[in-house]
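Quick caveat: nothing in here was measured; it's all calculated off a predicted structure. Residue numbers begin at 1 in each chain, while the letters A, B, ... track the order of the sequences.
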Amino acid sequence: MPRPIDTILENRLKKLDKLEAGGTQGFPNDFVPDSDTGLLHRRFDEVPPEVLEAETARFGVAGRIMTLRSMGKACFFHFKDRHGSLQVYVRKDVIGDEQFERFGLFEVGDIVGVVGRVMKTRTGELTLLAEAIRLVTKALRPLPEKFHGLQDLETRFRQRYVDLIMNDWVRELFVTRSRIVSHIRSFLDGRGFLEVETPMMHAIAGGAAARPFVTHHNALDIDLYLRIAPELYLKRLLVGGFERVYEINRNFRNEGLSHKHNPEFTMLEFYWAYATFNDLMSLTEELLGGLFAALRGEPAIEIGGKRISMAPPYRKLPLAESLSVVGGLPPDKVADRDFLTALLRRQEVEVIPAWGIGKLQVEVYDKLVESRIEEPTFIIHHPVETSPLSRRNNENPEVVDRFELIIAGREIANAFSELNDPRDQRQRFEDQMRAREAGDDEAHQVDWDYVRALEYGMPPAAGQGIGIDRLVMLATGMENIKEVILFPLLKPEAAEPDTEEPAES
RNA sequence: GGGCCGCUAGCUCAGUCGGUAGAGCAGCAGACUUUUAAUCUGCGGGUCAAAGGUUCGAUUCCUUUGCGGCUCACCA
């Protein structure tokens, strides 16, 4: 028994067969458009019909047929190219019987090339009157419905190509994503930062607290980790003399999936010698203020129906203080070990006795503070206990010169003045090593070569990471990270016979 | 991984208080030379996600599985 979809595929194949039997190629590669929908709209949308009558120029365009209205000896269709869509008017008495008959075998989804002149319809819509039309690519599968388009989330993510064909807003979202990345690159390039690429396959997965993916190199017969952060390599470059470096690329973390987490995600990390985390806060304000102003015309975002100003300066709030100011704790209890432990237990957090006051504070912060912060806020001075790579604060050695930028309850950036004392670094790695031995498999792995690099002397520097996916979510108002990643990770589809060859007729 | 919700034609959706299903678009045949969710006439199209159970009978009720969404946990 043929499945219903097979009938549709066969019908389309039959049309292709007929076209090819008549000498028409189904997949030629020699049609070159000399114009596009954007260009024609810009040039002719405002031109009155009678002026178009006198226009002698001919334009060649190519794109995918999206809707088609046939009326016997004439036909209107809309097609899409990368700039937008345009209507085409095909008349039998203009293109001739033979060509019109061939055109009758074209259908929605096909990619066509049209050469013609511009005109306006009765309703004033700019239209290309076809003088020649040919098939460029035959589509064997039908497009989703023209009015509702493709809605099903799973299909949209699995078959993103169809999503992009049907949903203009999706296409625009990914253009925005690309613009954001371009903006960041030119912002940093303009300030003397050098873009570099560091390894994605690490023998030691360092630079963050996270579980890595493991892979295997056959010839060397060693296990390697997909990187969880580029941090330690970028700082080796500071040692090497590149005083301003950045990298925009993928990190991989072997954690659960959620609407905020994709196993591979894109991070910007940059490092700036002879600067401190205070300089980074100013730079971040400049970067984000400028970015959102460039994207939206004003430094503001819209999220969950709420408007959030992105105009600098942003609030600065020490983490310990945020527990009372935002979290509502009594100010005299924010460093009270028993109080914090009891509080966390009520929140069903499994408190490990080895945790110091700093770790307890961070846990409470994660539970009670972060999600409540809306306006851009730098949470500063994290405990040294949870920041093994950050420089201690000069006045209070229990905290580090670090900030996380929180916007709309989400962490957008994490930055700190870098620790460059190899003695302190060695000590903190040893602490992490003990934590690992105590069963914390997210404690940092020890990277002794990194300590060796520091022993050659790393200039004082500040470094920052910005999650690009989450920044794009913020900029586009999306609540699901899969909406801003072209091909998000999904479980494999069950073997679906839908992709089998249809039976030859 | 836990909890809740969803999965019906290529697409968007109805529906069946348990008696093997409908619409619109798309498709097929036909009419139509300014339409635009074109219109008009006729026609075809479904293992109702999968497996098992209860039942005279299951797409519908129950269980399990798969995939997805939301949410909690971990993280960025």
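Proximity of A/Asn251 to the phosphate of B/A76: no side-chain N or O atom is located under 4.0 Å from OP1 or OP2. An OP1 or OP2 oxygen of B/A26 is reached within less than 4.0 angstrom by a side-chain nitrogen or oxygen of A/Lys146. Side-chain N/O atoms of A/Arg141 include none lying less than 4.0 angstrom from OP1 or OP2 on B/G10. Using a 4.0 Å cut-off, some side-chain N or O of A/Lys482 falls inside it from OP1 or OP2 of B/G69. Remark: A/His259 is in phosphate contact with B/U71, judged by side-chain N or O atoms under 4.0 Å from OP1 or OP2. The side chain of A/Arg69 contributes an N or O atom lying less than 4.0 Å from OP1 or OP2 of B/A38. Within the structure, every side-chain polar atom (N or O) of A/Lys14 is placed at least 4.0 Å from both OP1 and OP2 of B/G27.
Taking atom C1' on both B/G45 and B/A50, the two are 23 Å apart, rounded to the nearest angstrom. Annotation: B/G22 and B/A9 have their C1' atoms spaced 10 Å apart (nearest Å). A gap of 24 Å separates the P atoms of B/C72 and B/U65, to the nearest Å. Comparing the P positions of B/G6 and B/G44 gives a spacing of 34 Å, expressed to the nearest Å. The gap from the P atom of B/U59 to that of B/U54 amounts to 15 Å, rounded to the nearest Å. Across B/G3 and B/A76, the matching P atoms stand 27 Å from one another, rounded to whole Å. Spacing between B/G15 and B/G27 at atom P, rounded to whole Å, works out to 27 Å. Using P as the reference atom, B/G24 and B/U63 are 37 Å apart when rounded to the nearest Å.
An aromatic stacking contact between A/Phe147 and the base of B/G24 is absent, as defined here by ring centres under 5.5 Å apart and ring planes under 30° from parallel.
Residues A/Lys491 and A/Asn262 both approach RNA chain B. Their nearest nucleotides, taken by heavy-atom distance, put A/Lys491 toward the 5′ side.
Considering only side-chain atoms of A/Leu490, the nucleotide from B/U12, B/G68, B/C11 that sits closest is B/G68.
Residue A/Tyr225 qualifies as open at atom OH: its count of foreign heavy atoms under 6.0 Å is 12 or below.
Between A/His381 and A/Phe277, the angle of the ring planes lies from 30° to 60°, which puts this pair in the tilted group.
A donor-acceptor contact under 3.5 Å is formed by the side chain of A/Gln87 with the base of B/U35.
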